[in-house]
A.B. asks: 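Submitted below is the structure of interest, expressed as structure tokens.
Here is how names work: the chains are called A, B, and so on, in the same order as the sequence lines, proteins then strands, and each is numbered from 1.
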Protein chains: 2
Amino acid sequence: MNATPRWLTSEQKAAWDSFIRMHEKLMGRLTRQVRADSHMSAADYIVLAKLTEAGGGRIRFLDLAKLVEWEKSRMSHQVGRMAKRGLVAREECPEDGRGAFIVATPAGYQAIEEAAPVHVEHVRRLFIDALTQEELDTLARISDRVIAHMEKQPD
Amino acid sequence: MNATPRWLTSEQKAAWDSFIRMHEKLMGRLTRQVRADSHMSAADYIVLAKLTEAGGGRIRFLDLAKLVEWEKSRMSHQVGRMAKRGLVAREECPEDGRGAFIVATPAGYQAIEEAAPVHVEHVRRLFIDALTQEELDTLARISDRVIAHMEKQPD
DNA sequence: CCAGGATAGATGAGCTGTCAACAATTTCGT
DNA sequence: ACGAAATTGTTGACAGCTCATCTATCCTGG
């Protein structure tokens, strides 16, 4: 119908809108619940989760930023705040003088170990339980494909 | 296997992690592109998009907030900033003395009409083109189901 | 071996979001 | 009809994010 500014089809737009809306609603609830259940923000939680999932609880600064898809400046401020509260620490990197490892402190481990079970329960209750395993697999495939596709695209 | 703190299965966790990562990466790119292409933030964009999609470019304040799944305080600040720049205006509501309509101004229409085509192009290039129509339909169905499921859940 | 560029990360200013408290209606129970 | 409770939206303080800039280290070509 419309030649010049190729709009999305109504199916495409519906999919896009629903996807955005679902994510917004879901994250809204989960972040509020993390704050209510623990004394952490969602950002604190995911940083500690990634750190403690990794071997030794240590990840290079930029690798950590890439894992969660944040800009380095955001991660730097976040790590600074978490370090001030004693949840993580910076360690210098032997093989690269500029580099830094971020490590979870014992207090960090304790915080995530307390927060994780109830958070997982919320994720299950609000998200996982709404879907079949097949749908989850499909979602994983879709997500991985979009990620791979973006990594090939410029910008 | 593990009795007390029911963790997610590895498939469930993989789906969850991929989903989060994909959204973060995608939104990171899109928000940077909106800012680069127009003189608006992603928040400005979506508010104007919802307003101009609606009949008359007018939506009740809280309906608008619900449409994009924001807290009312966030919307209030956002509308305040946009009103200061002349993109939207507040109108009082005849049938409810507390209420307010938010309306897109001519400048708001102009801004979104300039920004929309290139934004849609980015959405298509980064997201839509990575998937088949069938996958998009599945994603829409999944999203709608999760939304419906959450609306039944407490909290 | 050294000059220029690339990479790792920190920092500060300014904008944006969150939380709690508030004012102004409207609605509801009795 | 009247007081309590709920709804609509605003506000201010503070926390968090973004962008540009900066330092320090590392790599690379000549």
A.B. asks: Nearest-Å distance, CG (A:L64) to C1' (C:dA8)?
C.D. replies: 14 Å

A.B. asks: Using the side-chain heavy atoms of A:R90, tell me which of these nucleotides is nearest: C:dT26, C:dA10, C:dC19.
C.D. replies: C:dA10

A.B. asks: Using atom CD of A:E92 as one end and atom P of D:dA24 as the other, report the distance to the nearest whole Å.
C.D. replies: 15 Å

A.B. asks: Measuring from the side chain of A:Q78 (C-beta onward, heavy atoms only), which nucleotide among D:dC19, D:dC17, D:dT11 has the closest atom?
C.D. replies: D:dC17

A.B. asks: Please state how far atom CD in B:Q33 lies from atom C1' in D:dT18, giving the value in whole angstrom units.
C.D. replies: 16 Å

A.B. asks: Check if the side chain of B:H77 and the base of D:dG12 share a donor-acceptor pair of N or O atoms closer than 3.5 Å.
C.D. replies: yes

A.B. asks: Rounding to a whole Å, what distance do you find between A:I102:CD1 and C:dA10:P?
C.D. replies: 6 Å

A.B. asks: Relative to the 5' end of DNA chain C, which residue comes earlier, B:R85 or A:F61, by the nucleotide with the nearest heavy atom?
C.D. replies: A:F61

A.B. asks: Using the rule that two of Ile, Leu, Val, Met, Phe, Trp, Tyr join whenever any of their side-chain heavy atoms come within less than 4.5 Å, decide whether B:F101 and B:L51 are in one cluster.
C.D. replies: no

A.B. asks: Grab the NZ-P distance between A:K72 and D:dG16 for me, whole Å please.
C.D. replies: 22 Å

A.B. asks: Salt-bridged, A:R21 to A:D17, with N to O below 4.0 Å?
C.D. replies: no

A.B. asks: What is the separation between atom CZ on B:R35 and atom C1' on D:dC17, rounded to the nearest whole Å?
C.D. replies: 11 Å

A.B. asks: For C:dT16, take OP1 and OP2 only and decide whether either is under 4.0 Å from a side-chain N or O of B:R81.
C.D. replies: yes

A.B. asks: Name the residue from A:K50, A:R74, A:Q78 that meets the side-chain contact (heavy atoms from CB on, under 4.5 Å) definition with A:V68.
C.D. replies: A:K50

A.B. asks: Select one nucleotide: of D:dT25, C:dA10, C:dT16, the one nearest the side-chain heavy atoms of A:S76.
C.D. replies: C:dA10

A.B. asks: I need the CZ-P distance between B:R32 and D:dC19, as an integer number of Å.
C.D. replies: 8 Å

A.B. asks: Ion pair present between B:R124 and B:E121, side-chain N to carboxylate O less than 4.0 angstrom?
C.D. replies: yes

A.B. asks: Nearest to the side chain of B:E71, heavy atoms from C-beta on, is which of C:dC19, C:dG9, C:dA24?
C.D. replies: C:dC19

A.B. asks: If you assign each of A:G97 and A:S41 to its closest nucleotide in DNA chain D, which residue comes earlier from the 5' end?
C.D. replies: A:S41

A.B. asks: Tell me if the side-chain of B:R98 makes a donor-acceptor pair with the base of C:dT26, cut-off 3.5 Å, by modelled atom types.
C.D. replies: no

A.B. asks: Give the rounded distance in Å between these two atoms: CD of B:E24 and C1' of D:dT18.
C.D. replies: 14 Å

A.B. asks: Under a single-linkage definition using a 4.5 Å side-chain heavy-atom cutoff for Ile, Leu, Val, Met, Phe, Trp and Tyr, are B:L30 and B:V47 assigned to the same hydrophobic cluster?
C.D. replies: no

A.B. asks: C:dG9 phosphate, OP1 or OP2: any side-chain N/O from A:R60 under 4.0 angstrom?
C.D. replies: yes

